[in-house]
Amino acid sequence: MQANSSMVLLDEGGQWNEDARVVAHWAELNVPPDQESIPQKVEEQALLIKNDYLAWVYDLGRYKVDGQTLISYLQFFENLSFWWMTKVAAKSPFLSPGIYQVFKLRALEQLYLEIGCEGLIYCGNNKTLHQIFQDWCQKLGHPYKQISGKRCIDKSERTGIKKLVFSLPFWLQAFLYLVRGWLMGCRHIRPSGINKKPIADKNQVTIVTFFPTIDLGKAKEGRFYSHYWENFHQLLDDLPCAVNWVWMYSESEQVNFKDTVSLRDKCNQHSPGKYRHFMLEEFFTPKILIKCVKYYLKFYAKGLHLKEIKRAFCFPDSKLNFFPMLRHDWNSSLFGKDAIEGIVYSFLFDSMTKGLPADPWGLFLLENQPHELALISAWKRNQKKTRILAHQHATLRALDLRLFYDARIFQTIETEKPPMADKLGLNGPSAYSLLKESQYPIERIAKIEALRYMNLAGRYDSEKKEEAISDRTLLVLTGRIVHETRFQLRLLHEAACQNGLAAYKKVIIKNHHDLPVDKFLKILKPRFQFTLTSQSLSELWPISDVVYCSNSTTASIEAGYLGLPVIMVGPENYMNLNPLYSFPGVNFVTNSKMLCEELKNPTEIHIPEDYFYLDDKLALWKKLLDDQETA
């Protein structure tokens, strides 16, 4: 092999001191000027690669199996294909880290062809990458060589008990999911003692919401108040209809499952003529369990006949097959935990919509996760007159692929489309434009006030301060993703070691409620004094001079909107899930030197005043709900 015509790919400490057409780094973002960073290439090309990926997912759904599309082959209910319940179709960068690896492979392939390389030398011991590159070069007819002083191994981001569970047979993972669901939740469920039939002489709407993230004090007094919905609760108080709240519990330090059952009973005693509260698990029965096992076995058998589909895991103009990167997602979706989870949710919502009226409308928080598609299809199947409304959760991120589709999907026949809400409420012009550009059906989009950000109403630039030269206060806001929180704190520690905090008298750290940072700080042993706080953001903005945010947190928008300088961490070899990715004038720090510069001269992010719809009278929400009465 002639090295001067080859690409040399360095992975995890690999080194190369000889000739090469190009030297590229698989994982490093900051590299010498004469070398290439694949993560940096992804950062630059992500929006283009996104379009390629969405088109590939569309094509995969139309892969032919026994003369029918994969979507039809995996038909579940008459208006729901199990395809939409798979992790591959869901396209979540949060739950499928392999998606980012596919983006990297696409960027690497394009660089390889653009420079005219005629061979690949991989300096690393990642077994999956080695297999992908070896197969790719063989198809190209190019030489390939793998160099490493270590044995090739399968590498995983998971550790501890999670790594052990993910190594088990998929059928056993599915079984353990059912066992865990019973131990952690269903065994604590008891009948709520309230009738699920319509309340006489009243319209009855149903709202499905995540739980908790609530005002716990109000809940103990019998009043359910969710921070996902904020003053929408007051709007509901004034509506001439009864409201069914259905809680979807997720593990939280705020309240456990058993105590959630008690809170449900407490809330049901407060205004039983107006509000009724249910937990989704209430709709689970032994009969449904049998159905779940039956359909799990059905899709397991179907999945066994799809072994050849791995050949379709490549882009149309490419010979690089990335199935190994998505193998676990695919197998888990048809044989493992994700398969049984999708089936359970589908039957739970089927049972719920058969027993709980939603007239004239049903409403839910939208992230476009598989369970939401199961909910939409169940409402359409069992309550044909119900108008289905989706409320955009938080912000729309350009690289959160879940809500985006290839435009061709909107022109295909109805049975090949994913279940879609009748109206999707978007909470600001930015989200509206982003979804409109993706050719999402404009007639299905509505404008609504941003409920989670109503605290910003009338406060544009209200926290803007005169720039302090010294004695500043730095507010550190971490996220809920482990790797980005660890990276954020490490950069701050390194910056402190380089005297980057010289102008700061105080450092306040507020962690995400789902990810305490104590364990990270104990390991890191930072070289700066700090205070951990549980104060609300509204209390912290006035005492902060600069805000240092993790990559994916939406608090960066809030801080910028209020006029505070914001420093945002870029991704460390991960997808950039910041809500301001591609926003004009936004930079991301990826090393301690960049952070030191930003700490010294923090820049303001110019968030438009109309970034969110913020009418505290909720005129847009009222119009949306009024329109459903006559639809």
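As the structure is a prediction and not an experimental result, all values here were calculated from the model.
Shown here is F175, whose CZ atom has no more than 12 heavy atoms of other residues, nucleotides or ligands within 6.0 Å.
For Y53 against I99, the heavy-atom pair with the smallest separation is OH-CG1, 3.5 Å. The two residues P419 and L80 make their nearest non-hydrogen contact at CG-CD1, 3.8 Å. Scanning both residues, S582 and L47, for their nearest heavy atoms gives CB-CD1, 4.2 Å. When all heavy atoms are compared, the tightest approach of P441 to M420 is CD-CE, 3.9 Å. Contact record, A431 with Q392: CB-OE1, 3.6 Å, taken as the closest heavy-atom pair. Closest approach of F349 to H371, counting heavy atoms only: CE1-O, 3.4 Å.
Side chain to side chain, Y73 and S81 fail the donor-acceptor criterion of an N or O pair below 3.5 Å. If you check the side chains of Y581 and D400, you find no donor sitting under 3.5 Å from an acceptor. Looking only at atom types and distance, the side chain of Y275 has a donor-acceptor partner in the side chain of D237 under 3.5 Å away. A side-chain donor from one of T69 and S72 sits under 3.5 Å from a side-chain acceptor of the other. Under the 3.5 Å distance criterion, with hydrogens and angles disregarded, a donor-acceptor pair is assigned to the side chains of H227 and E230. With 3.5 Å as the limit, one finds no donor-acceptor pair spanning the side chains of T353 and Q383.
The distance from atom SG of C267 to atom NZ of K220, rounded to the nearest 0.5 Å, is 12.0 Å. Rounded to the nearest 0.5 Å, atoms OG (S552) and CZ (R480) are 9.0 Å apart.
A salt bridge links E282 to R264: at least one charged side-chain nitrogen sits closer than 4.0 Å to a carboxylate oxygen. Ion pair K354/D350 flagged as a salt bridge, since at least one NZ, NE, NH1 or NH2 atom sits closer than 4.0 Å to an Asp/Glu carboxylate oxygen.
Remark: K91 is not positioned above the aromatic ring of F404, lacking an NZ or CZ atom under 6.0 angstrom from the ring centre and at most 45 degrees off the axis. By the 6.0 Å and 45° rule, R452 does not stack over the aromatic ring of Y228. No cation-pi contact links K291 to F347, judged by a cut-off of 6.0 Å to the six-membered ring centre and 45° from its axis.
Ring geometry, F313 versus W330: the interplanar angle exceeds 60°, so the pair is classed perpendicular (tilted spans 30 to 60°). The aromatic rings of W229 and H391 sit tilted relative to each other, their planes meeting at an angle between 30° and 60°. Ring pair H393/F210 is tilted by interplanar angle, where 30° to 60° counts as tilted.
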Steps toward side chain to side chain donor-acceptor pair (under 3.5 Å) verdict (D329, S96): CA-CA 7 Å; D329 287 353; S96 298; 3.0 Å; yes

